[in-house]
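Presented below is the structure to which this report refers.
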Amino acid sequence: QSALTQPASVSGSPGQSITISCTGTSSDIGGYNFVSWYQQHPGKAPKLMIYDVSDRPSGVSDRFSGSKSGNTASLTISGLQAEDEADYYCSSYTSSSTRVFGGGTKLTVL
Amino acid sequence: QVQLVESGGGVVQPGRSLRLSCAASGFTFSTYSMHWVRQAPGKGLEWVAVISSSGNDKFYTDSVKGRFTISRDNSKNTLYLQMNSLRAEDTAVYYCARQYCSDGSCIQRLPDYWGQGTLVTVSS
């Protein structure tokens, strides 16, 4: 049950686009289309931003999009805004019927 | 609206036990699988356990197998986490979370709504 691999940090200027990668194995990301992304501001609970690889819950801005290729999922945020600065976590269903999270990525808006 | 309220956290000595509760409201609790996820201070999220809507199926992360037990009481709309033989490395904020449904299925999915968490500190 190794954690999914995410970059520790990414940054971008307001208005730009950034992409966060999340790499797993064929036993998790590569084997199922059950990948979610969460946004977490300091001291707050995580918030679901993307589910089932690329679907957005109601109320989540369409600036957030998700995709997957092989064992790697990606979260793209376009038109970066100051309020997007937060920690982002990916998560996947696994072949053991468990779930696994990535180590998290700190997004800094310059 | 969906509400999840955790309780039961606190300071406990290594080797002792603690039971967390999560009171659910705003949705039909008995039809959703539920998760526990934890976050050590300054660290990332770690998935802990999941229980099916009926309570018949339970899965755990390796580090808590044999020590933690997830359970639920659908008549009380409450999720539980019994934590035994606690270790310093179990120190974390523990979140309960509902598992979403999509495309007409509720299995194999991931958390959507989360509670605000309850802090468990294991220290002598």
Side-chain angles (χ1 to χ4, degrees), chain A residues 1-9 20 22 24 27-29 31-60 66 68 73 86-107, chain B residues 1-6 9 22 27 32-52 56-65 68 70 92-119:
Chain A
Q1 291 180 333
S2 299
L4 305 173
T5 300
Q6 297 181 232
S9 63
I20 300 172
C22 173
S27 295
D28 39 65
I29 291 176
Y32 307 92
N33 287 325
F34 303 125
V35 177
S36 291
W37 288 90
Y38 302 89
Q39 176 191 66
Q40 187 181 34
H41 287 108
K44 300 295 187 181
K47 175 186 176 184
L48 179 65
M49 305 303 285
I50 296 289
Y51 69 97
D52 291 355
V53 176
S54 59
D55 290 338
R56 270 189 315 275
S58 174
V60 172
K68 188 186 88 166
D87 293 326
Y88 291 85
Y89 295 90
C90 59
S91 185
S92 173
Y93 176 81
T94 83
S95 60
S96 303
S97 300
T98 60
R99 314 306 191 261
V100 62
F101 282 93
T105 298
K106 181 177 180 61
L107 170 61
Chain B
Q1 73 281 20
V2 173
Q3 253 198 322
L4 298 167
V5 180
E6 301 93 338
C22 172
F27 65 102
Y32 286 86
S33 295
M34 297 293 295
H35 297 256
W36 285 100
V37 179
R38 66 185 179 183
Q39 186 169 34
K43 302 298 184 182
L45 300 173
E46 180 185 21
W47 180 82
V48 174
V50 62
I51 185 169
S52 63
N56 290 337
D57 297 310
K58 306 173 186 182
F59 298 93
Y60 301 89
T61 191
D62 286 345
S63 63
V64 309
K65 276 181 188 174
F68 289 12
I70 188 172
V93 173
Y94 284 74
Y95 295 100
C96 74
R98 190 186 78 166
Q99 177 170 301
Y100 68 84
C101 301
S102 63
D103 295 331
S105 176
C106 297
I107 65 170
Q108 299 179 322
R109 267 59 173 183
L110 295 151
D112 57 357
Y113 287 96
W114 299 60
Q116 286 305 303
T118 186
L119 177 61

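The chains referred to below are lettered A, B, ... by the order of the sequence lines, with proteins before strands, and numbering in each begins at 1.
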Practice item. Could you walk me through whether B:Tyr60 and A:Thr98 pass side chain to side chain contact (heavy atoms under 4.5 Å, CB included), step by step? Key: CA-CA 7 Å; B:Tyr60 301 89; A:Thr98 60; over 6 Å; no

Of the backbone (N, CA, C, O) and the side chain (C-beta and beyond), which part of [X] lies under 4.5 Å from a heavy atom of chain A, both, or neither?
| X | result |
| --- | --- |
| B:Gln99 | side chain |
| B:Tyr113 | neither |
| B:Glu46 | backbone |
| B:Val48 | neither |

Hey, is the main chain of [Y] close enough, under 3.5 Å, to the side chain of [X] for a donor-acceptor pair?
| X | Y | answer |
| --- | --- | --- |
| A:Gln40 | B:Gly44 | no |
| B:Glu6 | B:Cys96 | yes |
| A:Arg99 | B:Arg109 | yes |
| A:Lys44 | A:Gln39 | no |

**Study point:** Among A:Ser91, A:Gly103, A:Pro57, residue most engaged with chain B (heavy-atom pairs, under 4.5 Å)
**Key:** A:Ser91

Revision key, fill the gap. Ranking A:Ala45, A:Pro46, A:Ser36, A:Pro42 by heavy-atom pairs under 4.5 Å to chain B gives rank one to A:Pro46

Check your understanding: Which bit of A:Thr94 is near chain B, if near means a heavy-atom gap under 4.5 Å: side chain, backbone, both or neither?
Key -> neither

Review point. Does any heavy atom of chain B fall under 4.5 Å from the side chain of A:Tyr89, the backbone, both, or neither of them?
Key: side chain

Practice item. Quickly, which of B:Trp114, B:Trp36, B:Trp47 forms a ring-ring contact (aromatic ring centres under 6.0 Å, His included) with B:Tyr95? Name it, please. Key: B:Trp114

Practice item. Just give me the residue among B:Gly117, B:Pro111, B:Gly115 that pairs up with chain A most often, heavy atom to heavy atom, under 4.5 Å. Key: B:Pro111

**Study point:** Neighbour count >12 (heavy atoms, 6.0 Å) for atom CG, B:Asp103
**Key:** no

